[in-house]
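Have a look at the structure below, then the notes.
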Amino acid sequence: MNTGNGTRLYVNEVATRDGFQMESRFIPTEDKIALVDRLSGLGYAKIEVTSFTSPKAIPALRDGEEVMGRIARRPGVVYTALVPNLRGGERALDSRVDEFNIVMSASETHNLANLRMTREQSFAQLSEVIALARQAKVPVNVSLSCVFGCPMEGEVPLAGVLEWIDRFDVLGVAGITMCDTTGMAYPTQVQQVCASALERFPSLDFTAHFHNTRAMGLVNTVAAVEAGVRRFDMSLGGIGGCPYAPGATGNVATEDVIHMLQCMGYDTGMDLDGLIGAAAQLEELVQHELPAQVSRAGHRLTRHAPPADFSEIVERAKARGEGRKELQA
């Protein structure tokens, strides 16, 4: 395992879209805006603010236009949103998004279950969205789901993943996010897939997106870093999930991953204490305990007060030491 030596990594926050869409409680619009504004000052490269999917499909994000229109945009932060189709693309352009994030699956079964279309049907629809974005000079990122495995099909062949990346590359997209949608990835697989993609498509910006379903999100992140990936999706507090994988949990928690990477010597540009504070705000919004660890325990050098009777413990220890000296004399 390598040390970071100041290598610069870039962090994308997805809790406000990928996380909120899985919450049973609707997060009030004002609270969403306040959270995005708070996160904007913590060092993120990108924040996925919302989704322009039909409000009937994802009612939790039915306020997408208002949220995107009222956030305080900080220079240097890319404010992106999920765009599923042409109508969503038009709404996104009206809301002045900085980037379209479009989604399809590398697995045929998962694509049908999640998007109600075959992969070819999704690709045809997304090709139109990409054309709309290019006309408006808005960059497009493709989030490719189930790159590391499908909960219904099992293994997803690497050759097929690379073929889909190639087809989107030909259309002129700016980046590809390789998604471990249901937490099936493992480190050696991650290294192989990431290294293969980076070698074959050097002009694309690759992002890794890991869920922590089987407690391998952190180590998979390290594997991706060592394979050469420099951009990562993370979810504050670790919220999120997938409705088509029983037991699937949220993305790797932003504060947990940042804590690990900073300990290893990587430059994430992130404010860890600020993240811990934002996670406390998020827990109040979702009204349940977050799966993240660092927001509960603090960073590794967090100091804690000794026991209330510590001075008495010290005095008793000294007395025992003096008693031994007298016996030895």
Next item on the list: Test the Arg8-Tyr10 pair against the cation-pi criterion, namely NZ or CZ under 6.0 angstrom from the six-membered ring centroid and within 45° of the ring axis.
Entry: yes
Check: Could Arg74 and Tyr79 be counted as a cation-pi pair, given that NZ or CZ must be under 6.0 Å from the ring centre and within 45° of the axis?
Finding: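 Judged by the rule, Arg74 and Tyr79 form no cation-pi pair.
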Next item on the list: Following the transitive rule for hydrophobic clusters with a side-chain heavy-atom cut-off under 4.5 Å over Ile, Leu, Val, Met, Phe, Trp and Tyr, establish whether Leu171 and Val83 coincide in one cluster.
Entry: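 The answer is yes; both residues are in one hydrophobic cluster.
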SB check [X] [Y] (cutoff 4.0 Å):
X: Asp98; Y: Arg73; value: yes
X: Arg296; Y: Glu255; value: no
X: Arg91; Y: Glu65; value: yes
X: Glu30; Y: Arg70; value: yes

Item checked: Polar side chain donor-acceptor pair, Asn12 to Glu48, under 3.5 angstrom ->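 Absent: no donor and acceptor within the cut-off.
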Next item on the list: For the residue pair Thr80 and Asn141, confirm or rule out a side-chain donor-acceptor distance under 3.5 Å.
Entry: no
Notebook entry, point to check: Around Arg25, counting heavy atoms of other residues, nucleotides and ligands shown, do more than 12 lie under 6.0 Å from its CZ?
Noted result: yes
Note to self: For Glu155, is the CD atom crowded, meaning more than 12 foreign heavy atoms sit under 6.0 Å from it?
What the structure shows: no
Next item on the list: Considering non-hydrogen atoms only, spot the tightest contact between Phe52 and Ala81 and give its length.
Entry: CE1-CB, 3.5 Å
Margin query: For Asn111 versus Ser122, what's the shortest heavy-atom pair and its separation?
Written below: ND2-OG, 2.9 Å
Nearest 0.5 angstrom please: [X] [atom1] to [Y] [atom2], how far?
X: Ser127; Y: Gln125; atom1: OG; atom2: CD; answer: 10.0 Å
X: Tyr266; Y: Arg230; atom1: OH; atom2: CZ; answer: 6.5 Å
X: Met178; Y: Cys146; atom1: CE; atom2: SG; answer: 14.5 Å
X: Asn251; Y: His209; atom1: CG; atom2: NE2; answer: 4.0 Å

Item checked: Residue pair Phe148, Val190: steps toward the side chain to side chain contact (heavy atoms under 4.5 Å, CB included) verdict -> CA-CA 8 Å; Phe148 302 95; Val190 168; 4.0 Å; yes
Notebook entry, point to check: Below 4.5 Å, heavy atoms only, C-beta onward: do Thr188 and Tyr186 meet side chain to side chain?
Noted result: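 Yes, close enough: below the 4.5 Å cut-off.
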Next item on the list: Could you check whether the rings of Phe168 and Phe123 sit parallel, tilted or perpendicular, using 30° and 60° as the cut-offs?
Entry: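 Taking Phe123 first and then Phe168, their aromatic rings stand perpendicular (interplane angle over 60°).
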Checklist line | Worked verdict on Lys46 versus Glu13 for side chain to side chain contact (heavy atoms under 4.5 Å, CB included) | finding: CA-CA 6 Å; Lys46 186 185 299 186; Glu13 181 56 59; over 6 Å; no
Notebook entry, point to check: Stepwise, does the side chain to side chain contact (heavy atoms under 4.5 Å, CB included) test hold for Leu9 with Val225?
Noted result: CA-CA 9 Å; Leu9 304 178; Val225 170; 4.1 Å; yes
Checklist line | Val129 vs Phe100, side chain to side chain contact (heavy atoms under 4.5 Å, CB included): CA-CA, chis, key distance, verdict | finding: CA-CA 9 Å; Val129 176; Phe100 283 15; 3.7 Å; yes
